[in-house]
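Comments concern the structure below.
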Amino acid sequence: QVQLVESGGGLVQAGGSLRLSCVAAGRTVYAMAWFRQAPGKERDFVAGINWNGGSTATADSVKGRFTISRDNAINTVYLQMNSLKPEDTAVYYCAARSLSIRRTADEYHSWGQGTQVTVSS
């Protein structure tokens with residue numbers, strides 16, 4: 001298990017940008033990912049990154065708009081979100097697992113508390 005703390009959420013107009021951060025404390029993690037969950041919906045994969053940043057994966061719904069990156073020197077993973085749309089409104093969660101990137105929430109063993117992102121039209 002590893003403690004994860006997200007920050008950077010907020011209210012933004014459509015077309016705007018936000019950058020989410022996730023700081024990991026504890027033992028070394030390998031793959032990390034961002035998921036999001038809108039009210040009444042399942043928790044969906046947004047983007048993932050392997051331990052050294054050499055491999056990433058992005059959901060089709062955000063491809064070309066969102067970018068995941070990491071800085072292992074400060075145990076932080078970022079999600080840069082550009083060209084935001086109202087349908088991007090959700091609680092965004094950071095997650096970690098010990099092996100490679102996976103797109104299913106059940107395969108991650110550590111989760112942050114979530115940060116709200118609201119995009120107004």
Task: Validation row, ring centre Phe35 to ring centre Trp111 under 6.0 Å - done: yes
What distance do [X] atom [atom1] and [Y] atom [atom2] have between them, rounded to the nearest 0.5 Å?
{"X": "Tyr78", "Y": "Cys22", "atom1": "OH", "atom2": "SG", "value": "10.5 Å"}
{"X": "Ser69", "Y": "Gln80", "atom1": "OG", "atom2": "CD", "value": "8.0 Å"}
{"X": "Leu84", "Y": "Ser120", "atom1": "CG", "atom2": "OG", "value": "10.0 Å"}
{"X": "Gln3", "Y": "Ser110", "atom1": "CD", "atom2": "OG", "value": "9.0 Å"}

Open item on the list: Consider side-chain contact (heavy atoms from CB on, under 4.5 Å). Of Thr67, Asn50, Ile49, which one does Thr56 pass it with?
Closed with: Ile49
- [ ] For side-chain contact (heavy atoms from CB on, under 4.5 Å), just list the numbers for Tyr93 and Leu4, CA-CA rounded to whole Å, side-chain angles, deciding distance to a tenth of an Å, and then say yes or no.
- [x] CA-CA 9 Å; Tyr93 296 90; Leu4 304 173; over 6 Å; no
Would you name the heavy atoms of [X] and [Y] that are closest together and state the gap between them?
{"X": "Tyr30", "Y": "Ser98", "answer": "CD1-O, 2.8 Å"}
{"X": "Leu18", "Y": "Gly8", "answer": "CD2-O, 3.9 Å"}
{"X": "Ala25", "Y": "Val2", "answer": "O-CG2, 2.7 Å"}
{"X": "Ala90", "Y": "Ala38", "answer": "CB-N, 3.9 Å"}
{"X": "Ala47", "Y": "Leu79", "answer": "CB-CD1, 4.2 Å"}
{"X": "Ala57", "Y": "Phe45", "answer": "O-CZ, 3.7 Å"}

Where the side chain of [X] meets the backbone of [Y], is there a donor-acceptor pair that is under 3.5 Å apart?
{"X": "Arg102", "Y": "Ala105", "result": "no"}
{"X": "Ser61", "Y": "Ala59", "result": "no"}
{"X": "Gln37", "Y": "Val91", "result": "no"}
{"X": "Thr89", "Y": "Thr118", "result": "no"}
{"X": "Arg65", "Y": "Ser83", "result": "yes"}
{"X": "Glu6", "Y": "Ser21", "result": "no"}
{"X": "Asn75", "Y": "Val23", "result": "no"}

Open item on the list: If hydrophobic residues (ILVMFWY) are linked whenever their side-chain heavy atoms come closer than 4.5 Å, directly or via other members, who joins Leu99 in its cluster?
Closed with: none
Open item on the list: Here's one to test your reading of the geometry: is the NZ or CZ of Arg70 within 45 degrees of the ring axis of Trp51 and under 6.0 Å from its centre?
Closed with: no
Open item on the list: A cation-pi test, strictly: NZ or CZ of Arg36 under 6.0 Å from the centre of the six-membered ring of Tyr92 and no more than 45 degrees from its axis. Yes or no?
Closed with: no
Open item on the list: Would a single hydrophobic cluster contain both Tyr108 and Val77, if residues Ile, Leu, Val, Met, Phe, Trp and Tyr are joined by side-chain heavy-atom contacts under 4.5 Å?
Closed with: no
Task: Check against side-chain hydrogen bond (donor to acceptor under 3.5 Å, both in side chains), Asp71 and Thr76 - done: CA-CA 5 Å; Asp71 184 345; Thr76 302; over 6 Å; no
Open item on the list: Set out, in order, the CA-CA distance, both residues' side-chain angles and the distance that settles side-chain contact (heavy atoms from CB on, under 4.5 Å) for Met81 and Val46, then state yes or no.
Closed with: CA-CA 11 Å; Met81 305 186 295; Val46 175; over 6 Å; no
Open item on the list: Working note: Ile101 + Ser55, criterion side-chain contact (heavy atoms from CB on, under 4.5 Å); need CA distance, chi angles, decisive distance, verdict.
Closed with: CA-CA 9 Å; Ile101 302 167; Ser55 177; 4.1 Å; yes
Task: Enclosure of Glu107 CD (heavy-atom neighbours >12, cutoff 6.0 Å) - done: yes
Open item on the list: Does Lys85 form a salt bridge (charged side-chain N to carboxylate O under 4.0 Å, His left out) with Asp88? I'd like the steps, not just the answer.
Closed with: CA-CA 5 Å; Lys85 304 175 181 180; Asp88 294 319; over 6 Å; no
